[in-house]
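The first residue in the sequence is number 1, and the count goes up from there.
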Amino acid sequence: MFPQTPEIYFLSDRMNATSFDTPVAFYTPEYQKQMIMELEKNKPKLIVYNPKFVLAGLTVENLSDVNQFIQKNYKTIETFGDNQILKPK
């Protein structure tokens, strides 16, 4: 789930590919680098991505390094509402 909505992991009985359940709270470059390393290591088969997400003024652009990594390495296969289902390119 990027950038938020960690309850989907619980509801789908899945583990997060990173150690950041609420990544929008961790937007420092160091945290973003760690998140990218974990995505590279764990290679999630799908990412639920919401490019329009806003919480207290924070958006996907606050996680620009992670957002760029996802855009570079994943493609949209389905859309519902503001959410996109992404899979590796």
Side-chain angles (χ1 to χ4, degrees):
M1 302 299 306
F2 184 76
Q4 193 74 359
T5 324
E7 64 272 13
I8 298 297
Y9 295 115
F10 173 78
L11 295 171
S12 63
D13 196 27
R14 299 280 184 196
M15 296 294 294
N16 190 336
T18 74
S19 57
F20 300 96
D21 286 334
T22 55
V24 79
F26 302 102
Y27 55 89
T28 67
E30 295 79 22
Y31 282 123
Q32 289 188 69
K33 184 177 179 181
Q34 180 179 344
M35 189 182 297
I36 291 167
M37 288 181 352
E38 292 175 13
L39 288 169
E40 290 173 329
K41 177 184 174 193
N42 296 319
K43 297 177 178 40
K45 294 178 184 176
L46 297 172
I47 293 177
V48 179
Y49 174 76
N50 183 344
K52 296 182 180 180
F53 176 84
V54 178
L55 176 66
L58 299 173
T59 70
V60 294
E61 294 307 316
N62 292 99
L63 294 162
S64 59
D65 294 344
V66 177
N67 191 44
Q68 287 175 13
F69 172 84
I70 290 171
Q71 295 302 313
K72 179 180 175 186
N73 294 286
Y74 287 80
K75 64 181 179 180
T76 302
I77 58 167
E78 190 71 44
T79 300
F80 59 99
D82 291 336
N83 296 292
Q84 299 171 7
I85 306 298
L86 310 178
K87 73 173 194 172
K89 289 182 177 177

(message) Once rounded to the nearest 0.5 Å, what's the spacing between atom CE of Met35 and atom CG of Leu63?
(response) 6.0 Å
Ignoring hydrogens, what is the shortest heavy-atom contact between [X] and [Y]? Give both atom names and the distance.
{"X": "Pro88", "Y": "Pro44", "result": "CG-O, 3.8 Å"}
{"X": "Gln71", "Y": "Lys89", "result": "O-NZ, 3.1 Å"}
{"X": "Asp65", "Y": "Ile36", "result": "O-CD1, 3.5 Å"}
{"X": "Pro51", "Y": "Asp82", "result": "CD-O, 3.4 Å"}
{"X": "Glu61", "Y": "Asn67", "result": "OE2-ND2, 3.3 Å"}

(message) Going by the rule side-chain hydrogen bond (donor to acceptor under 3.5 Å, both in side chains), which residues pair with Gln68 if we only count those two or more places apart in sequence or in a different chain?
(response) none
(request) Please identify each residue that fulfils side-chain hydrogen bond (donor to acceptor under 3.5 Å, both in side chains) with Thr76, with sequence neighbours left out. (result) Gln84
(message) Between Glu30 and Gln34, do the side chains contain a donor N or O and an acceptor N or O under 3.5 Å apart?
(response) no
(request) Give a yes or no answer on whether the side chain of Asn73 reaches the backbone of Ile70 with a donor-acceptor pair at less than 3.5 Å. (result) no
Could you tell me whether the side chain of [Y] reaches within less than 4.5 Å of the side chain of [X], counting heavy atoms only?
{"X": "Ile85", "Y": "Thr79", "result": "no"}
{"X": "Leu39", "Y": "Phe69", "result": "yes"}
{"X": "Leu46", "Y": "Ile77", "result": "yes"}

(request) Mind running side-chain contact (heavy atoms from CB on, under 4.5 Å) on Tyr49 and Val60 for me, showing each step along the way? (result) CA-CA 9 Å; Tyr49 174 76; Val60 294; 4.1 Å; yes
(message) Let's go through Lys45 and Lys87 carefully: what are the C-alpha distance in whole Å and the side-chain angles of both, what is the deciding distance for side-chain contact (heavy atoms from CB on, under 4.5 Å) to 0.1 Å, and is it a yes or a no?
(response) CA-CA 6 Å; Lys45 294 178 184 176; Lys87 73 173 194 172; over 6 Å; no
